[in-house]
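Here's the structure, in structure tokens; my notes come after.
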Amino acid sequence: MEIPKTYEPKDCEGRWYPFWEERGYFTPEINTNEDAPVFSIVIPPPNVTGYLHMGHALNHTLQDVLARWRRMAGDRVLWLPGTDHAGIATQMVVERQLDKEGITRHDLGREKFVERVWAWKEHSGGTIQKQMRVLGESVDWTRERFTMDDGLSNAVKEVFVRLYDEGLIYRGEYMVNWSPGLQTAISDLEVEMKSVKGNLWHIAYPIGKAVTERVEGLAEAYAAANEGEAKTGLLSTEAGDFIVVATTRPETMLGDSGVAFNPEDERYNSVKGKQAILPLVGRALPFIQDEVVEKGFGTGFVKVTPAHDPNDFAMGKRHGLEFIQVIGKTAKITDAAPEKYRGLSREAARKQIVAELDALGLLLKTEDYTHNVGHCQRSGTVVEPLISTQWFLKMTELAQPAIAAVRDGRTKFVPESSAKIYFNWLENIQDWCISRQLWWGHSIPAWFTPDGEIIVARAEVEARARLAAQGKDDTVELTPDTDVLDTWFSSQLWPFSTLGWPKETEDLRQFYPTSVLVTGFDIIFFWVARMMIMGLKFMGEVPFKTVYINALVLDPSGQKMSKSKGNVIDPLEVFDKYGTDAARFALTAASTAGLTLALQESKLESARNFANKIWNATRFVLMNCDDILESGEPLEWETEFAPPELADRWILSRLNQVALDANDALAEYRFHEAAALIYQFFWNDFCDWYIELSKPHVTAKEASPQSTAVKRRIIFILERSLRLLHPMMPFITEELWQRLPHQGESVSLAEFPQHNAAQLDGRAERELSVVIEIITKLRNLRATFGLSPALLLKAQIAPADEATREVIESMRDHIQRLARLESLELVETLSAKNGFVRAVVTGAELAVPLIGLIDFEQEKARLEKDLAKKAGELAGLEKRLNNADFIQRAAPDVVEATHAQAAKLKNQIFQLNVMKLTLDL
RNA sequence: AGGCUCGUAGCUCAGGGGUAGAGCACUACAUUGACACUGUAGGGGUCAGCGGUUCAAAUCCGCUCGAGCCUACCA
């Protein structure tokens, strides 16, 4: 059988996904064993507007590795796919479309607009699903969900109503983060703090009487009063008394309704009971005292704007100040401000106010000041804190069980340290503003009566029933609430809403709680914590037993990928260039415990080379084993490896060790370790040694019972290797596995190799390592002296004991061939003749007659170097052994091992010295 | 301002109480019958610095310096 010399991913990647999907391999029902353990994962639903980025590629690859591994290991596996309706993001996509058509959503009206979004979703929303198939993801498409589908919408209503009935959801007027760009309230998590260079303006407010014309000399007086250590915000001048406040947002002064200072700030006792007069407006402001104000910052006086600052809002509540909203929802000055400012933007008002204060002599100082300003994550506009009527979810009480569940280990974070992020947030949690003034999303299940009473219910019918139950008129007109819910309100139900909740479905019974959640650290607050809360609240059980936090993918230079930096790598281009399997393997192999993962070309190249190695190792077998392939019968080790030779016992032992270690590594989410183990086994053990040792028989022109046996064994090991590789590299392994003798219809369903203790063979591993060491040493000598590979050498070996002699004897042909020897003589002691180059390996000494072939000075130098290295090691060991404390306190086995190591080194040093002497003979 | 994480070979990173590993890069040699996306051999690190615990520290603890990330209502 002939196959191409180089692996071409495109030739086979396309064909296998439909094969798997059509045969239903990815549904849990493919596993008919009723006693099979269940393994379930719900995918973090990508935004329906989304396309696959590198973060997904990593996140999805790891989930697929787990799903395929557990499926092959015999579990009933469900990996449930789906997408999120992504309220704001999706609404914006469709609004941009409308914008191109020259209309706005308001032109369409709400109903038509929502229809339009659905239409968009149907036609353009499936990008990510297609890309998931390219990646080979073994998700169960028959159970795909969307956060706005009927089932999930019911779950949302159910949860809302129950939480409301329990008093955990409330509606009220509070200060929220208002996005003027999106025209909606947003949650704290959607606010992005950015460092902005601005100014801190120091402004004088007169006490008692208004300022109507320019006051001279205030700035100088302020500067003079604050020379050196002394600081004060109280100025007494001929023009009267002034206090000084500092602000980064002078435009908000239009809404000031008080001035605050710390109760312990004795500098300002004199102003108690007086009033400041707000410049430009003329409003009288009471002085209040509040702990929040720091004595040491600025002047110690703070202007209080209860309607436009969260702190001031709280102070306003505490002290009964007036709430004057001077900035509106479009970020323009409202009618509550003096007429001349009305309609100005925040920015224009700021400019004008600063200028006017300056003209009045009240602007005392302008400092450069860098501070953090909240920006709307989606629209980028500066968030305006506004008082608005919104729906909120009380979090503190709900958070407690979620904290407890991780503390007591019902849910485990991997890596463990990421739980700190989780605790930190939950322990300082604030109520969550869940309403949004958008059109795309889950409607809030609430209705208003003509009297303005709110009825929360699953449907209008129920709302009327609730009215009737309260003995009220249930025939009144009911107006539905027009707000929608924050997207995360539905996402937080994902682990159970997707399985059918609130119905008690079979899926829910079988797959909840899920086995593991694989996600990024950036949504621990947004999503993970909230799912924990809701899972515990409504299912009474954690939603997942493990949370695996995958790394953040960085660009090759270690920078965070971002559109603005232009360093975003498109995973599809990577799959295209290196092959999907190679990209998947590279990502898996790079998934260490670290928080970040820099995706470098060299890793991808290395993985591509690995795919090619797999291809060619199989190619070698296919090219030489037609006779065996024709029969097509599957191979079992019990029959094939009886009796095994040393190389067979060795490779079986290695295979089993790798199976053991790889299963352990995957069970503990040490992906890189599993990948490295399998890589090394396949390349180093199988290709470099086992195939090389088998070659003479495999390539023998004449078939013989022995060559048949060797070929069958090599095919067996190869077939098991492909199974080990399959979870990480599904396409190439399926392609090749199908060409080998096998049982079953797909490697996807073949058993993942488990270790068999009977095949772990430490003796075989030790014995073959002696052979490997001898061959390597002989090659080393050849390289050191620059001897051509064409030159066949004669060698003597003096084994240290009988057992080693037998091993070497049994492997004599292999050693001769792989070390390119003309003859190999096994002796008791090496000939102490001039012209022999000698070397030591574990368990044997070697000598090669090289007279006339090499420079003996060079050989001496080589021996000196070897001696020096070994002497250094010995010195270290002896220092330890001469230390009485070490002998007394160190573990006995460590002491013993140290003695043994020292003895071995002494012996080797002795031998090396003999060698040096022989050179001089 | 607090918190977290990380400083190990030229690069990217594993490891982790008993004097160090991988991939890539590098050097030499080989070569077209599995594979140049190859083979063979090799060079390269006082594990950031300083102190402490210990018989023993790259590994545990503290401090310093450097890098990154997260949280936060300093006007």
Of the listed B:C73, B:U12, B:C70, the closest approach to the A:V292 side chain comes from B:C73
If the cut-off is 4.0 Å, is A:K560 near the phosphate of B:C70, judged by side-chain N/O to OP1 or OP2? yes
Atom NE2 of A:H672 and atom P of B:G21 are separated, to the nearest Å, by 16 Å
A:Q430, CD: over 12 other non-hydrogen atoms inside 6.0 angstrom: no
Looking only at side-chain atoms of A:P789, point me to the closest of B:A34, B:C24, B:A30. B:A30
Spell out, as yes or no, whether a donor-acceptor pair under 3.5 Å connects the side chain of A:E13 to the backbone of A:T580. yes
Any A:K420 side-chain N or O less than 4.0 Å from OP1/OP2 of B:C4: no
Rounded distance (Å) that lies between atom P of B:C13 and atom CG of A:L597: 8 Å
Looking at the side chain of A:E294, which of B:C74, B:C70, B:C35 is the nearest nucleotide? B:C74
Quick note, A:Q680 side chain, CB onward, closest among B:A22, B:C24, B:A34 is B:A22
Looking at A:E605 and B:A25, is any side-chain donor or acceptor paired with a base atom of the opposite kind under 3.5 Å? no
What's the closest nucleotide to the A:N311 side chain, out of B:A34, B:C73, B:C13? B:C73
Closest to the A:R880 side chain, choosing from B:U19, B:U12, B:A34: B:U19
Side-chain N or O of A:Y578 less than 4.0 angstrom from OP1 or OP2 on B:C37? no
Ignoring hydrogens and geometry beyond distance, is a side-chain donor-acceptor pair present between A:T776 and A:N780 at under 3.5 Å? no
Specify the separation, in whole Å, of atom CG of A:N428 and atom P of B:A72. 9 Å
Considering just the side-chain nitrogens and oxygens of A:T776, establish if one lies under 4.0 Å of OP1 or OP2 belonging to B:A41. yes
Is there a side-chain polar atom (N or O) of A:W683 under 4.0 Å from OP1 or OP2 of B:C37? no
RNA chain B nearest-nucleotide lookup for A:D885 and A:K695: closer to the 5′ end is A:K695
Please give the nucleotide sitting opposite B:U27 as a Watson-Crick or G-U wobble pair, both distances under 3.5 Å, or none. B:A41
Is any side-chain nitrogen or oxygen of A:N616 closer than 4.0 Å to OP1 or OP2 of B:C37? no
Any A:T592 side-chain nitrogen or oxygen under 4.0 Å from OP1 or OP2 of B:A14: yes
What is the distance from CG of A:L781 to P of B:A41, rounded to the nearest Å? 12 Å
Atom C1', compared across B:G10 and B:G49: separation rounded to whole Å: 22 Å
Any salt bridge linking A:E384 with A:R249? Criterion: basic side-chain nitrogen under 4.0 Å from a carboxylate oxygen. yes
Atom-pair distance (CG on A:L604; P on B:C24), nearest Å: 13 Å
Can you tell me the distance, in whole Å, between the CZ atom of A:F413 and the C1' atom of B:C70? 15 Å
Any N or O donor-acceptor pair linking the side chain of A:K879 to the base of B:A56 at under 3.5 Å? no
Which nucleotide sits closest to the side chain of A:Q600: B:C35, B:A75, B:U12? B:U12
One pair to check against side-chain contact (heavy atoms from CB on, under 4.5 Å): A:L189 and A:W425. What are the steps and the verdict? CA-CA 11 Å; A:L189 289 178; A:W425 189 66; 3.9 Å; yes
Rounded to the nearest Å, what distance is computed from the CG atom of residue A:L778 to the P atom of nucleotide B:C29? 21 Å
What is the separation between atom CD1 on A:I614 and atom P on B:C37, rounded to the nearest whole Å? 17 Å
Do you know which of A:L321, A:T305, A:D312 makes side-chain contact (heavy atoms from CB on, under 4.5 Å) with A:D256? A:T305
